[in-house]
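Small disclaimer: the values here were computed from a predicted structure and weren't measured.
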Amino acid sequence: MVTKLIYLCILLCVLTFSFSFVILKRVTSTLDGLARNAIRSADSDEHVSLDTVNIRHVEFLNLARAFNKVLSKMRLRTDDLKEANENLQ
């Protein structure tokens, strides 16, 4: 009886670890994609935004949308500053 209980505990631990590993991989792959897109948009002078189509997690989708909104406002402010600078010259 005790050995069956031990085997059951071991099985539960293995299943829990496997399930945790799968969830971890799905979450980190989404974060890696967001990070790559953020770096690409920071390095580019073009108007690049984060891709929100393939994001399955609501929290990360909200984060990407907020980042795109901030990025858009920064571009507008930068364009306004460039225009004001040109008008001063």
Side-chain angles (χ1 to χ4, degrees):
M1 182 68 175
V2 173
T3 56
K4 287 183 180 181
L5 187 60
I6 290 173
Y7 288 137
L8 181 62
C9 288
I10 291 172
L11 177 65
L12 285 174
C13 286
V14 169
L15 288 174
T16 302
F17 177 75
S18 300
F19 187 67
S20 298
F21 184 74
V22 169
I23 290 174
L24 178 70
K25 281 297 184 183
R26 293 185 91 180
V27 168
T28 56
S29 68
T30 303
L31 282 175
D32 286 341
L34 285 174
R36 275 193 308 274
N37 286 335
I39 290 170
R40 191 183 81 220
S41 66
D43 291 342
S44 175
D45 287 337
E46 298 176 14
H47 295 299
V48 179
S49 60
L50 296 183
D51 180 24
T52 58
V53 175
N54 296 323
I55 299 176
R56 291 172 280 195
H57 305 286
V58 175
E59 295 85 1
F60 296 140
L61 182 61
N62 291 338
L63 178 65
R65 286 179 179 159
F67 183 82
N68 285 339
K69 193 172 186 178
V70 168
L71 194 58
S72 176
K73 286 184 179 184
M74 279 183 22
R75 286 186 187 122
L76 286 174
R77 301 295 189 271
T78 302
D79 292 342
D80 290 344
L81 286 173
K82 285 180 183 177
E83 185 179 327
N85 191 23
E86 289 173 3
N87 289 338
L88 289 174
Q89 293 178 356

Practice problem: Kindly give the heavy-atom pair with the smallest separation between N68 and L50, and that separation in Å. | Solution: OD1-N, 2.7 Å
Quiz item: Is there a path of hydrophobic side-chain contacts, each under 4.5 Å between heavy atoms of I, L, V, M, F, W or Y residues, that connects L12 with F21?
Solution: no
Practice problem: Determine, using the 4.5 Å side-chain heavy-atom cutoff (strictly less than), whether I23 and L31 are members of one ILVMFWY cluster. | Solution: yes
Practice problem: Please round to the nearest 0.5 Å and tell me the distance separating atom CZ of F67 and atom CG of L63. | Solution: 8.5 Å
Quiz item: How long is the span from the CG atom in D32 to the NZ atom in K25, to the nearest 0.5 Å?
Solution: 8.5 Å
Exercise. Heavy atoms only: give me the nearest N37-R40 pair and the separation to one decimal.
Key: OD1-NH1, 3.1 Å
Quiz item: Passes side-chain contact (heavy atoms from CB on, under 4.5 Å), L81 versus N85? Steps please.
Solution: CA-CA 6 Å; L81 286 173; N85 191 23; over 6 Å; no
Self-check item: From OG (S29) to CG (L34), nearest 0.5 Å
Solution: 10.0 Å
Quiz prompt | Gap between atom CG of L8 and atom OG1 of T3 - 0.5 Å precision | solution = 11.5 Å
Practice problem: Quick one: pull up CG in L11 and OG1 in T16 and give me the separation to the nearest 0.5 Å. | Solution: 9.0 Å
Self-check item: Shortest non-hydrogen separation from R26 to R56 and the atoms involved
Solution: NH2-NH1, 2.6 Å
